Chemist: 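Shown below is the structure under consideration.
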Amino acid sequence: MLARAYSCAILGISGIPLEVEVDISDGLPSFDIIGLPDASVRESRERVRAAIKNSGFTLPYSRITINLAPADLKKEGSSFDLAIAIALLAATNQLPAGEKIAESVFVGELSLDGSLRTINGALAIALSLFENKNYKAKTLYLPAGNSNEAALVAKLKIIGVSSLAQLVNHLCESENIDPLPSTMVHNFKAGCQSLDFGEVRGQEMAKRALEVAAAGAHNALLFGPPGSGKTMLAKRIPSILPTPDLDEILEITRIHSVAGLLSSSKPLIGERPFRSPHHSASTAGIIGGGKIPRPGEVSLAHLGVLFFDELPEYRREVLEALRQPLEDSAVTVTRAAATVSYPADFMFVGSMNPCPCGNYGDPKRECRCSPPQIFRYRSKLSGPLLDRIDIQAEVPGIKIEEIDSPNNGECSAKIRSRVEAARELQIERYRKIKVKANAQLRSRHFEKYCPLAPEAKKLLHLTFQSLNLSMRAHDRIIRVARTIADLDGAEVINSAHIAEAVQYRNLDRLG
Ligand SMILES: Nc1ncnc2c1ncn2[C@@H]1O[C@H](COP(=O)(O)OP(=O)(O)O)[C@@H](O)[C@H]1O
Ligand SMILES: [Mg+2]
Ligand SMILES: [Zn+2]
């Protein structure tokens, strides 16, 4: 007797439709799973066998073969348990193999007593089933703990199930389980950030630099002595980035779904992420991958901020590995079985002290580092990484007057509205090319999109010579000046815009 049921595997952030075929025939009793299962899928046998028995059903003493198709896709994890159990019950006539099964997708891990355990990636599965037009699934059955997350996807019937027995009763029409109403549109409201720029006293220059960075999606480096507020400022950057729209919210949530970081009580991530991995993190942790593939920090920071606090402390190989995602806005993780790609479009922010002791350049405190020590400290940042950082902002030690001053800093919402206006101009201007924000401009774009007033051109030439800038530094100044002009509502870049952009090259000048 042959029967089938459908399930879904996850590759990167996409769901891949999977067919589970069960054949039961005479012969020596056996139970095999074929079709490139890994060890975790092979363990399915024991879970399914026990769950079926403990739910009051039986398995025949026959030759049982389970085939997972497509055969060329390596299967991992425990989420096919439910589809395997359903196909087995259909093949043994304990469940009518009708339309209901043919038009449904089953995902979930079974525990030995037949109850269902939650899985990772429920939202990614639901979105993929919905997007994949030639897949005719109408209903998605999944663990009750995942149903809130999957119900974010409209137009797909989502049914949360708590046990195998309950599902069988439902499929036999003796018990009704209500589908979850789609919550996507109703519940959506961009979450408000809890940290605000208004809490940061003084540091007007650094705040302005971060406003410019946010307005053009430029990567930024904050440097200054310990305790000056670098970490405090960085944590508040998501609050001045444009409010995410629904598509962005779903993109962010989808990655967190695959990483298993959603809770059933808070299935939607409503704000831009801020990720700040420790400097001891491994390359796999940052970039993604590992034995069971998982998105790394660069992907968890997608559409938000990735912050490396004390940048020179990070391993060189980790900093090197950042280059690909910074260049491509995506990461490709190659594993033995498959190459997986995850989105990784984030704003990179780093912080560092000006020297190992932190006092270099401080008028009041003495720096005791030797020039070679300072050189070694700074050279930990490879040239290619620094090349991707358009804005270097100095965060000087806070003055005593500023500590006592009343807290009259501008709040994040006001800054954000200027950032959003500048981003609108960019979206409009770059409609025809593959550029979202000024940070992505290349030198071939400059002539058309970055017109310079004559005095601006003169000032740029002068600076170029007197500071002995590299061509790369020159390009960065133009990109940043473009953003400053956009914040100013100006189409032509003037000399004030260039002068401000030059300010954000402090490290080049110190160097
Ligand atoms: N400009 C500031 N306004 C208000 N508080 C500040 C400011 N700068 C520093 N602080 C306080 O000092 C603490 C240390 O700042 P932090 O951001 O960790 O400094 P850094 O990262 O530069 O070493 C912060 O938690 C904050 O309470
Ligand atoms: Mg800090
Ligand atoms: Zn020093």
Side-chain angles (χ1 to χ4, degrees), residues 193-214 219-241 274-281 286 297 301 304-315 318-319 347-381 385 389 391-415 503-504 506-511:
Q193 301 278 346
S194 50
L195 300 173
D196 200 285
F197 262 63
E199 295 151 4
V200 183
R201 287 161 201 263
Q203 301 295 14
E204 295 307 329
M205 290 280 288
K207 283 189 214 164
R208 167 70 185 176
L210 291 177
E211 175 176 340
V212 174
N219 301 317
L221 178 66
L222 297 168
F223 71 94
S228 59
K230 301 182 292 295
T231 305
M232 187 185 190
L233 282 161
K235 282 185 175 160
R236 286 159 177 75
I237 297 174
S239 70
I240 60 167
L241 288 171
F274 176 85
R275 302 292 302 187
S276 108
H278 191 253
H279 58 71
S280 63
I286 301 289
E297 293 291 335
V305 173
L306 180 68
F307 179 50
F308 275 21
D309 208 353
E310 315 285 351
L311 196 53
E313 303 286 328
Y314 287 75
R315 294 181 200 172
V318 167
L319 298 178
M347 179 174 160
F348 179 71
V349 180
S351 84
M352 69 185 282
N353 296 331
C355 67
C357 85
N359 292 340
Y360 184 90
D362 189 319
K364 274 172 280 169
R365 269 170 292 190
E366 192 192 350
C367 165
R368 264 175 258 121
C369 312
S370 67
Q373 275 176 319
I374 297 177
F375 179 79
R376 219 177 308 125
Y377 181 74
R378 291 198 189 160
S379 66
K380 274 193 174 171
L381 304 187
L385 178 63
I389 297 178
I391 290 188
Q392 302 162 351
E394 188 172 1
V395 189
I398 189 163
K399 297 188 198 77
I400 193 78
E401 312 89 83
E402 287 174 330
I403 298 174
D404 293 336
S405 72
N407 209 352
N408 57 0
E410 217 177 4
C411 67
S412 291
K414 260 181 133 170
I415 305 174
Q503 297 253 308
Y504 303 134
N506 309 52
L507 224 56
D508 292 355
R509 285 199 306 248
L510 286 179

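One-based numbering, in listed order, for ligands and for the atoms of each. None of these values were measured; they are calculated from a predicted model.
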Chemist: If you have a sec, work out which protein heavy atom is nearest atom 21 (O) of ligand 1 and how many Å separate them, to one decimal?
Modeler: Thr231 OG1, 2.7 Å
Chemist: For ligand 1, which atoms, with element, lie under 4.0 Å from some heavy atom of Pro226?
Modeler: 23 (O)
Chemist: Between the side chains of Ser276 and Asp309, is a donor N or O closer than 3.5 angstrom to an acceptor N or O?
Modeler: no
Chemist: With a cut-off of 2.8 Å, does Thr231 put an N/O/S atom close enough to the Mg ion (ligand 2)?
Modeler: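 So Thr231 does bind the Mg ion (ligand 2) by this criterion.
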Chemist: Determine, step by step, whether Phe308 and Leu385 satisfy the side-chain contact (heavy atoms from CB on, under 4.5 Å) criterion, reporting the C-alpha distance in whole Å, the side-chain angles of both residues, the deciding distance to 0.1 Å, and the verdict.
Modeler: CA-CA 12 Å; Phe308 275 21; Leu385 178 63; over 6 Å; no
Chemist: Taking only Lys NZ, Arg NE, NH1 and NH2, and the carboxylate oxygens of Asp or Glu, determine whether Arg236 and Glu199 approach each other closer than 4.0 Å.
Modeler: yes
Chemist: Which residue and atom name correspond to the protein heavy atom nearest atom 8 (N) of ligand 1, and how close is it?
Modeler: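 Of every protein heavy atom, Ser228 O, 3.4 Å lies nearest to atom 8 (N) of ligand 1.
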Chemist: Just by modelled atom types, is the Gly202 backbone N or O under 3.5 Å from a matching donor or acceptor in the Lys207 side chain?
Modeler: yes
Chemist: Does the protein put a heavy atom less than 4.0 Å from atom 25 (O) of ligand 1?
Modeler: no
Chemist: Around atom 19 (O) of ligand 1, find the nearest protein heavy atom and jot down its residue, atom name and distance.
Modeler: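 Answer, as residue, atom name and distance: Gly229 N, 3.1 Å.
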Chemist: How far is atom 3 (N) of ligand 1 from its nearest protein heavy atom, and which residue and atom name does that atom have?
Modeler: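 Protein heavy atom with the smallest distance to atom 3 (N) of ligand 1: Arg201 N, 2.9 Å.
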Chemist: Say whether Gly202 and ligand 1 are in contact under the criterion: heavy-atom distance to a ligand atom below 4.0 Å.
Modeler: no
Chemist: For ligand 1, which atoms have a heavy atom of Gln203 less than 4.0 angstrom away?
Modeler: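 Counting atoms of ligand 1 from 1, those under 4.0 Å from Gln203 are 1 (N).
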Chemist: Establish, for the pair Arg378 and Phe223, whether the NZ or CZ atom is under 6.0 angstrom from the six-membered ring centre and no further than 45 degrees off its axis.
Modeler: no
Chemist: Grab the two heavy atoms, one from Gly350 and one from Phe307, that are nearest each other, plus how far apart they are.
Modeler: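 Result for this residue pair: C-CE1, 4.0 Å.
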Chemist: Using a strict cut-off of 4.0 Å, indicate which atoms of ligand 1 neighbour a heavy atom of Val200.
Modeler: 1 (N), 3 (N)
Chemist: Examine distances only and state if a side-chain atom of Ser351 and a backbone atom of Thr231 form a donor-acceptor pair shorter than 3.5 Å.
Modeler: no
Chemist: Note the single closest protein heavy atom to atom 11 (C) of ligand 1, along with its residue, its atom name and the distance in Å.
Modeler: Met232 SD, 4.6 Å
Chemist: Ignoring hydrogens, what is the shortest heavy-atom contact between Ala213 and Met347? Give both atom names and the distance.
Modeler: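 Reported closest heavy-atom pair: CB-CE, 3.7 Å.
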Chemist: Among all the protein's non-hydrogen atoms, which is closest to atom 12 (O) of ligand 1, and how far away is it?
Modeler: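 In this structure, atom 12 (O) of ligand 1 has Gly227 O, 4.2 Å as its nearest protein heavy atom.
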